[in-house]
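Step one of this worksheet: look at the structure below.
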Amino acid sequence: AAAVLAEGITTIESAACEPEVADFGRFLNAMGARIDGLGTPFLTIEGVDSLSGTRHTIIPDRIEAATFLIAAAMTRGEVTVENVCPAHLSVVIEKLREVGVPLDIRPESVDASRASVTVRPCGSLKAMECSALPYPGLPTDVQAQFMALLSLCEGNSVVTDKVFPDRFLHVPELVRLGASIYREGPSAIISGVSQLRGACVMASDLRASAALVVAGLAAEGSSVIRRIYHLDRGYERLEERLIALGANVRRVKDE
């Protein structure tokens, strides 16, 4: 953003390729910026004197959509998530199907910029190996939620985060909920259990908060998740939307 109004030409190497970055660049270009290479690791920005107003529709939040899909899979529910861009969630959809989650996408075209994804009730789920990678790989921002799901999958799963190798603060909290997980170098090994159980746990960051919430929905009994204020940085009124789906959840003041 700073380079857009800087004099001369700026080049950025190893730029993030995530859809959100490219969408922000398209927004700036619509305002008069001159950015080339959006969606690639190499950007060229030719500075302009000023920007003008514009209208722009923000792309759907792929991480929020993935979280709802995982929550539905964990609780064996049937949920339709609308306003999804399937191309942005291709690896998430692939991995959900790999563990055995039935998904319907309408329309089915992979080029659809807006679609609905429905999770169907499923039986037993199977283990898998996955690595969080830069886009278009599995997002590190759904690694914690996937780990919660894998804790209920039959067999041994392996999760590696190659974006933030130490992003595993949610592991001991999931263990408190009855998951069987241990660290081995840069990976987490998950042995699937038949049932999680309610417990008092503490969220360490935004996505860990989401993972603990979806794990709590699937756990037997009541769970208390503290420091849940992290959620509000990435989810809008999450508890209200879960209640609309039939969840028994409420936010209370932490004493």
Side-chain angles (χ1 to χ4, degrees), residues 1-4 10-45 51 54-73 79-98 101 103-119 130-146 149 159 161-164 167 205-211 214 230-236 238 241:
V4 165
T10 301
T11 59
I12 300 176
E13 298 182 2
S14 300
C17 300
E18 276 72 13
E20 297 80 16
V21 177
D23 189 56
F24 180 53
R26 288 191 293 270
F27 168 63
L28 291 173
N29 280 346
M31 297 177 71
R34 297 174 181 172
I35 307 172
D36 289 326
L38 292 171
T40 77
F42 190 87
L43 301 179
T44 302
I45 305 101
L51 299 177
T54 189
R55 283 182 174 272
H56 181 75
T57 300
I58 298 173
I59 61 173
D61 189 326
R62 62 197 172 104
I63 307 301
E64 184 178 53
T67 301
F68 278 107
L69 295 176
I70 291 170
V79 172
T80 297
V81 181
E82 298 180 337
N83 195 30
V84 174
C85 180
H88 296 168
L89 282 173
S90 58
V91 177
V92 170
I93 290 170
E94 174 189 328
K95 290 299 181 182
L96 286 172
R97 284 175 167 161
E98 185 177 332
V101 178
L103 296 173
D104 293 335
I105 302 175
R106 295 288 184 272
E108 295 182 353
S109 171
V110 295
D111 297 324
S113 60
R114 295 291 191 278
S116 65
V117 181
T118 300
V119 176
C130 63
S131 295
L133 297 164
Y135 187 81
L138 184 72
T140 181
D141 283 335
V142 298
Q143 178 256 102
Q145 299 94 305
F146 255 105
L149 173 63
V159 174
D161 197 320
K162 295 187 177 182
V163 179
F164 297 111
R167 196 176 190 177
D205 58 53
L206 168 58
R207 306 307 174 184
S209 299
V214 299
H230 290 292
L231 271 177
D232 298 326
R233 293 193 293 109
Y235 299 90
E236 184 179 10
L238 179 62
R241 297 160 82 181

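- Between Ala87 and Tyr135 the shortest heavy-atom distance is O-OH, 3.8 Å.
- Nearest approach of Val214 to Ala71, heavy atoms of both residues: CG1-CB, 3.5 Å.
- Considering CD of Glu18 and CD1 of Ile59, their distance stands at 10.0 Å, rounded to 0.5 Å.
- Judged purely by atom type and a 3.5 angstrom limit, Arg207 has no side-chain atom pairing as donor or acceptor with the backbone of Gln143.
- Arg167 is listed as a side-chain neighbour of Asp141, based on a closest heavy-atom distance under 4.5 Å.
- Taking the charged nitrogens against the carboxylate oxygens, Asp205 and Arg233 have no contact shorter than 4.0 Å, which rules out a salt bridge.
- No side-chain heavy atom of Ser131 sits under 4.5 Å from any side-chain heavy atom of Leu138.
- Leu103 is listed as a side-chain neighbour of Val119, based on a closest heavy-atom distance under 4.5 Å.
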Discussion item. Pair Asp36, Phe42 - check side-chain contact (heavy atoms from CB on, under 4.5 Å), show working.
Written reply: CA-CA 8 Å; Asp36 289 326; Phe42 190 87; over 6 Å; no

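- Between atom CG of residue Leu206 and atom CG of residue Leu231 there is a gap of 6.5 Å, rounded to the nearest 0.5 Å.
- Using the six-membered ring where Trp is involved, Phe27 and His56 have ring planes that are tilted, between 30° and 60° apart.
- Taking the charged nitrogens against the carboxylate oxygens, Lys95 and Glu98 do have a contact shorter than 4.0 Å, which makes a salt bridge.
- Rounding to the nearest 0.5 Å places CD of Glu82 at 12.5 Å from CZ of Arg114.
- The side-chain heavy atoms of Asn29 and Leu38, taken from C-beta on, include a pair separated by under 4.5 Å.
- Shortest non-hydrogen contact noted between Val91 and Pro136 is CG2-O, 3.0 Å.
- Two residues are said to be in side-chain contact when any heavy atoms from C-beta on lie closer than 4.5 Å; Val92 and Phe146 meet this criterion.
- Considering CE of Met31 and CG of Leu28, their distance stands at 7.0 Å, rounded to 0.5 Å.
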Show which side-chain atoms of residues 60-67 pair as donor or acceptor with protein atoms under 3.5 Å away, not counting sequence neighbours.
unit_1 : atom_1 : unit_2 : atom_2 : d
Asp61  : OD1    : Ile63  : N      : 3.0
Asp61  : OD1    : Glu64  : N      : 3.0
Arg62  : NE     : Glu20  : OE1    : 3.4
Arg62  : NE     : Glu20  : OE2    : 2.7
Arg62  : NH2    : Glu20  : OE1    : 3.2
Glu64  : OE2    : Arg241 : NH1    : 2.6
Thr67  : OG1    : Ile63  : O      : 2.9
Thr67  : OG1    : Gln145 : NE2    : 3.0
Thr67  : OG1    : Tyr235 : OH     : 2.8

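- With Ile105 as reference, Ile93 is the one residue of Ile93, Leu89, Val84 to meet the side chain to side chain contact (heavy atoms under 4.5 Å, CB included) rule.
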Worksheet entry | Trace of the side-chain contact (heavy atoms from CB on, under 4.5 Å) decision for Leu149 with Leu96 | CA-CA 9 Å; Leu149 173 63; Leu96 286 172; 3.7 Å; yes

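- Here the rule is side chain to side chain contact (heavy atoms under 4.5 Å, CB included) with Ile35, and of Val4, Thr10, Thr44, Ile12 only Val4 fits it.
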